[in-house]
Amino acid sequence: MQFDAEHYPYASQRTVTYGRRGMVAASQPLAAEAGLQILRQGGNAVDAALAAAAALPVVEPTSNGIGGDLFAIVCRDGKLFGINSSGPAPQSLTPEALKDAGHEWEIPRYGWLPVTVPGVPAGWAALNRRFGRFSLAEVVEPAARYAEEGYPVSPITSFFWKRCAEQYKKLLTYPECQGWFDVFAPQSRGPEPGEVWKNEHMADSLRSIGESQGESFYRGDLAKKILEFSQSTGGYLRDNDLAAYEPEWVDPISVNYRGYTVWELPPNGQGLVALIALGILDGLAYEPEGVQWTHAMIEAVKMAFADGFHWVTDPDEMMIDPKRLLQPAYLQSRRKELGAQAIMRSPGRVDPGGTVYLAVADGEGTMVSLIQSNYVAFGSGVVVPETGVALQNRGHGFSLDPTHCNYLRPGRRSYHTIIPGFLTKAGIPIGPFGVMGGFMQPQGHVQVLS
């Protein structure tokens, strides 16, 4: 809604909310309320973020799930901590296996083939162990109650849920996907707005993850159910894939932009793309919102994506240090390529050498920028029986071209779209930021900050 500034002098502030003791921003009010509940009980920002994150697979399963991946930036005592909780391809998922299944050029979007090891439960547990004041069991309990007792589905979630249910009747033809309809469309449709939906098996899974500090999902009862279903229906996940998984603590990377420092996580996420674009734009004198600025922003994002798609993959296998793409000399060389014409962009020459986002702050100065996703909508369409867990299809993002940096290899993590952001100025934390939208997210970060 737009307001006339003459008659509504505070119109620009109508979307601003203030709080003294903490705040939770999420895409679903019930998830935000779960986080606020934990804050009111004395939890910190990480506790509240985990409560909201655990609620989102319940109240917005169209965009994320327990079987997805997670990235986060935590600001504690003025210092930034990053966690990459994205899972690799199963050890038995090889290019040869894809070819044997009849896929020469692209990994399918549904079924077992695009399923990678889920990182969400391990990410929750790692954040809780390092920063939490409450137990993981306590912070997932509001989400478990939503799943057990039911909640009214919001209009937007209902729209996407119903659309998926119709599309999946044609797309989920794999035998391992038939359980999706039993769990998420038991009446052969998605729920109507306001219709109460519950998932008691998901409640049990959440409590199992909480009580075991995530162990159940990777080495316990939930793992057993996942592995039995995988082996009985032609899946590729095995016990060593789950048991060996651990998230990775990483140092955020940054560029300066108009007097601020913008922080993202290093690859395999695409936060590097946002930083390259912002680094290119930082040296321009155009006024934001003008035609020249808009053109420059579009071209800078195109350049950054060209670099990202050329280099970004599993950080253990990247052929270049990401920080080299953020050096002033390199950004200046890219900036010089900007012209008046819109052109297709290619990678620069380097000198040798379905998603949900949430943000939380507490009254003690701790802040969290967290994002988790199943990749596309409900993910692979594979739902593990008696768990309510929908598994992600992140493996669809691998390439089957042996010359590509993101070529499928067992144990490799793919190029990842979900990226949390954080902003500081002169070393002082300003706060978390992020957007949702797959490959659009770096562009979204650039637009939000500019």
Side-chain angles (χ1 to χ4, degrees), residues 24-38 47-70 118-121 123-125 127-128 136-162 164-165 179-186 190-211 214 216-217 222 225 354-358 360 370-375 377-379 381-392 436:
V24 182
S27 53
Q28 286 291 332
L30 290 173
E33 177 57 33
L36 289 171
Q37 179 181 329
I38 294 298
D47 295 319
L50 292 174
L56 282 163
V58 183
V59 301
E60 195 179 349
T62 54
S63 302
N64 76 128
I66 297 171
D69 282 342
L70 173 152
V120 161
W124 292 349
L127 286 163
N128 176 254
L136 188 58
E138 290 174 303
V139 299
V140 303
E141 184 56 28
R145 287 200 300 272
Y146 286 149
E148 182 177 59
E149 299 169 7
Y151 67 92
V153 176
S154 71
I156 292 177
T157 300
S158 169
F159 172 82
F160 288 109
W161 202 328
K162 290 165 68 177
C164 282
W180 184 90
F181 297 96
D182 297 333
V183 174
F184 292 105
E192 297 290 338
E195 185 175 341
V196 175
W197 186 81
K198 65 176 64 176
N199 188 331
E200 294 178 355
H201 285 312
M202 190 183 289
D204 293 339
S205 294
L206 285 165
R207 289 182 173 126
S208 179
I209 290 167
E211 292 165 3
S216 176
F217 193 92
L222 285 174
K225 291 179 180 179
T355 303
V356 293
Y357 175 78
L358 63 93
V360 182
L370 186 150
I371 194 162
Q372 63 188 31
S373 173
N374 273 357
Y375 188 40
F378 285 87
V382 177
V383 177
V384 180
E386 299 182 356
T387 68
V389 173
L391 298 175
Q392 65 182 354
M436 302 169 285

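Values below: every heavy atom of this structure, side chains too, minus hydrogens, waters and symmetry copies.
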* Asked: Considering residues at least two apart in sequence or located in another chain, which fulfil the ring-ring contact (aromatic ring centres under 6.0 Å, His included) criterion with Phe184?
  ->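 Applying ring-ring contact (aromatic ring centres under 6.0 Å, His included) to Phe184 gives Trp180, Trp197, Phe378.
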
* Asked: Sequence neighbours excluded, which residues qualify as side-chain contact (heavy atoms from CB on, under 4.5 Å) partners of Glu386?
  ->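 In terms of side-chain contact (heavy atoms from CB on, under 4.5 Å), with neighbours along the sequence ignored, Glu386 is linked to His201, Lys225.
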
* To do: With sequence neighbours left out, write down each residue that passes side-chain contact (heavy atoms from CB on, under 4.5 Å) with Asp47, or none if nothing qualifies.
  =>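 Counting only residues at least two positions away or on another chain, Asp47 forms a side-chain contact (heavy atoms from CB on, under 4.5 Å) with Ile38, Asn44, Asn128, Arg133, Phe134, Val139.
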
Just by distance, do the side chain of [X] and the backbone of [Y] share a donor-acceptor pair under 3.5 Å?
X	Y	value
Glu60	Gln28	no
Tyr146	Leu30	yes
Thr355	Ser373	no
Ser205	Thr387	yes
Asp69	Gly119	yes

* Checking side-chain contact (heavy atoms from CB on, under 4.5 Å) for the pair Val120/Asn64: CA distance, chi angles, key distance, verdict? -> CA-CA 10 Å; Val120 161; Asn64 76 128; over 6 Å; no

* May I have the step-by-step check of side-chain contact (heavy atoms from CB on, under 4.5 Å) for Ile209 and Ile66, ending in yes or no? => CA-CA 10 Å; Ile209 290 167; Ile66 297 171; 3.7 Å; yes

* **From CD1 (Ile371) to CG (Leu56), nearest 0.5 Å** =>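 Between atom CD1 of Ile371 and atom CG of Leu56 there are 11.0 Å.
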
* **Approximate separation, where rounding is to 0.5 Å, of Leu370 CG and Leu50 CG** =>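 CG of Leu50 is found 7.0 Å from CG of Leu370.
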
Show the nearest heavy-atom pair for residues [X] and [Y], with the distance to one decimal.
X	Y	value
Ser216	Ser208	OG-OG, 2.6 Å
Ala165	Ala185	CB-CB, 4.4 Å
Pro191	Val153	CG-CG2, 3.8 Å
Met436	Ser27	CE-CB, 4.0 Å
Thr157	Ser154	OG1-OG, 3.0 Å
Pro152	Gly194	CB-O, 3.7 Å

* To do: Report yes if some heavy atom in the side chain of Leu358 is under 4.5 Å from a heavy atom in the side chain of Val24; otherwise report no.
  =>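 Leu358 vs Val24: side chains apart.
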
* **Val356 vs Gln372 side-chain heavy atoms within contact, under 4.5 Å** =>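 Yes, close enough: below the 4.5 Å cut-off.
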
* Can you find a side-chain donor-acceptor pair between Ser158 and Glu195 that sits under 3.5 Å? ->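 On atom types as modelled, these side chains do not qualify, holding no pair under 3.5 Å.
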
